[in-house]
Amino acid sequence: MEAVLAGAISEALTRLGVDADPSRIGLERPARADHGDWSTNAALVHAKGAVMAPRDLALRLAAELDGTGLPHLERTEVAGPGFVNFHLAPSWLHEVLGAVLRLGAGSYARHDAGAGQTVNLEFVSANPTGPLHAGGGRWGAFGDSLARLFRRCGYETHTEYYVNDRGTQMELFGRSLAARLDDRPVPDDGYHGEYVAEWATELASELSAGASSGADDLTAALEALGGSAYAASWGRDRALRDVSEALEAMNVGFDHWQSENKLVASGAMDNAIAGLRQGGWTYTEDGAEWLRTSDFGDDKDRVLYRSDGEPTYFVPDIAYHDAKFDLRRLRALQRRGAIGDTRRHDPDNETVDLVIDVLGADHHGYVPRIAAAMQMLGHPAESYEAIVGQNVTLMRDGQVIELSKRTGTMVEVRELIDAVGPDVARFAFLLQSIDSRQTIDIDLLSAQAAENPVFYVQYAHARIASVARRAESTGVEPVPPAGTDLGPLVGEREVALLRALEVLPSVVETALRERAPHKVTTWVRDLAAAFHGFYHDCPILHSDNPPEVRDARLCLTEGTRIGLAIGLDLLGVDAPEAM
RNA sequence: GCGCUUGUAGCUCAAUUGGACAGAGCAUCUGACUACGGAUCAGAAGGUUCGGGGUUCGAAUCCCUGCAAGCGCGCCA
């Protein structure tokens, strides 16, 4: 419909002798229903070139369009400073509903914008030194929903979690665990959380179970295995199990967990650094080796190898990001079953087209240097993208809870999920833009869990399922056959619901383009609201209803179910048959 | 001090990226089924879009400036 209108507008302008510039013509769905179904600013934009008052041009344009016999067009109108509004007959929405029913949840609102393109999406990547902080849930929900949007738009999509299992933090974590194990004080700059003590107890029982002959000296048993280094690696696995389980509970999964240790062991660092040196991007100063990141907009150059010869954390990060561009690496992971099914892809293309990091605001300073390094290694500037989101503030009892490694205070995602359930938690994270700081008051969220908007949406879905069950029990086909006359759907609430359903494809498209899954949340609430209104005012299975009205409404109900199912799936939230 | 992000109803947030009278949900007040699930629906009230300039047919949105908040600014990770 949009394409038909856009073409007609351009042609009409040309017939009026105006030099039409299609790129500047805006065609949009007005916010207010009484402004019609579509609206164009074409007259406003072209008035100057046509040397006419905007309204005069609008009037002539409207008259011209009225004469062309466009399908479904009831009338045009000129409004405001010179908008031309198109009022369409409900029949155009009936065609939309027909398409929704024909395509179903699998195919409606799908785009092939990303066909043949591969995207790699990294998110969460919290250090494996403890359970996942509740704030981390935001990145999980966001990243996972964004991945779902990419998939729906035809991208071959890989999701990754980078495991920083190497370096100072891991050592400290290992030493903290070891210290707890023999009741020594935890190092000052170590990990003081309650969980460290609990995990040390677990480690202790594993050690004593594993020790052959009642070795009750745990310290000796640990030393035999490698001391705090063993504790660190054991703790890493323990933490990752905890993190993945918590994310799984929120319906968040990853195709691949990349260990930094294994990456380094593979020689990836040497390869990447060789590439940088070859390109002449490095130099030595004060005994350290530097990278010319300021050539690409970074504030200053960055150290790769310290004067003592040790690589900074930056080196493995470069190697990792470089590796993420390598499709052969992803294929190899796939063969090992680390990654799920793949979609069609150009077999000659060996490069991932888009590598995305989802980061918290506290890491934004790191973006320019990694972007610089990727360009030095030959990856086009637009192929690396960092999405920087604002962090979450957690509250309890009206008090802000500061995340502190020293004192060990934290709120775990698990705790949040246990308190309110996965759907409320996930919906809450996806309720607002990633650009705005989010405050989650765990008590407030628990207390108001029953009023959470997620239930409003899920209730709409459950109601529809209930209608279907009732239809079945009275011998009525819950989904009338294709070709059912949708003509009876002309009431205000029916049209409002049809309109809400119609915009889903463009919502999906903009949500992906703007990396804004919360747009799906907003839409799904709108659709649910339109459905509840329809349901309240328009009886479906009531015996007074003529069969043709009943069947048309059943079609609309099923179409709504499809829309809700798509939206909730994109959000990773359950679409229940009953509540 | 410099940089990034943000500032919208009492609270939490939207606003088709420059469009028409800035919209929802909570909270407050008032109403609605002898019909398919009342976790619903309808209505009222609530605004100088942080302040001040500017750009144009048109600004919450873009530019300048001031204020406020969060984050970042190491041969730490």
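Here the structure is a predicted model, which means the values were calculated and not measured. Proteins get letters first, then strands, A, B, ... in listed order; numbering begins at 1 in each.
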Less than 3.5 Å between a donor and an acceptor, one on the side chain of Thr312(A) and one on the base of C75(B), is that the case here? no
If you take the centroid of each ring, where Trp contributes its six-membered ring, are His35(A) and Phe83(A) closer together than 6.0 Å? no
His363(A) over G72(B), stacked by centroid distance under 5.5 Å, angle under 30°: no
Listed nucleotide nearest any side-chain atom of Ser433(A), set A14(B), A77(B), G37(B): A14(B)
Ranking Ala516(A) and Leu541(A) by the position along RNA chain B of their nearest nucleotide, the one closer to 5' is Ala516(A)
Given C76(B), C73(B), C36(B), which nucleotide is nearest the side-chain atoms of Lys300(A)? C73(B)
Is the shortest heavy-atom distance from the side chain of Thr312(A) to the side chain of Arg306(A) under 4.5 Å? yes
Side-chain contact check for Gln390(A): nearest option of C71(B), C41(B), U5(B) is U5(B)
Shortest side-chain distance from Tyr456(A), nucleotide among A24(B), A14(B), U40(B): U40(B)
Asp165(A) side chain vs Ser259(A) backbone, donor-acceptor pair below 3.5 Å: no
To the nearest Å, give me how far apart CD1 (Ile318(A)) and P (A77(B)) are. 13 Å
Please tell me if Lys519(A) has a side-chain N or O lying less than 4.0 Å from either OP1 or OP2 of A15(B). yes
For A69(B), take OP1 and OP2 only and decide whether either is under 4.0 Å from a side-chain N or O of Thr393(A). no
Tell me: CZ of Arg55(A) to P of A20(B), nearest whole Å? 16 Å
Nucleotide G25(B), atom P - distance to CG of Asn452(A) in whole Å: 14 Å
Ring-on-base stacking between Phe83(A) and A20(B), under 5.5 Å between centres and under 30° between planes: is it there? yes
Measure from the side chain of Met579(A), starting at C-beta and using heavy atoms only, and say which of A20(B), G70(B), G37(B) lies closest. G37(B)
Assign Ala53(A) to base, sugar-phosphate, or nothing according to its heavy-atom contacts below 4.0 angstrom with the strands shown. nothing
Counting only side-chain heavy atoms from C-beta out, which of U17(B), C76(B), G37(B) sits nearest to Glu28(A)? U17(B)
The answer to which of Arg29(A) and Ala79(A) contacts RNA chain B further toward the 5' end, by nearest nucleotide, is Arg29(A)
Can you see if the side chain of Arg493(A) gets near the phosphate of A42(B) - specifically, an N or O under 4.0 Å from OP1 or OP2? yes
Aromatic plane relationship, Phe531(A) with Phe534(A) - under 30° parallel, 30 to 60° tilted, over 60° perpendicular: tilted
Between A77(B), C4(B), A20(B), which one does the side chain of Arg369(A) approach most closely? A77(B)
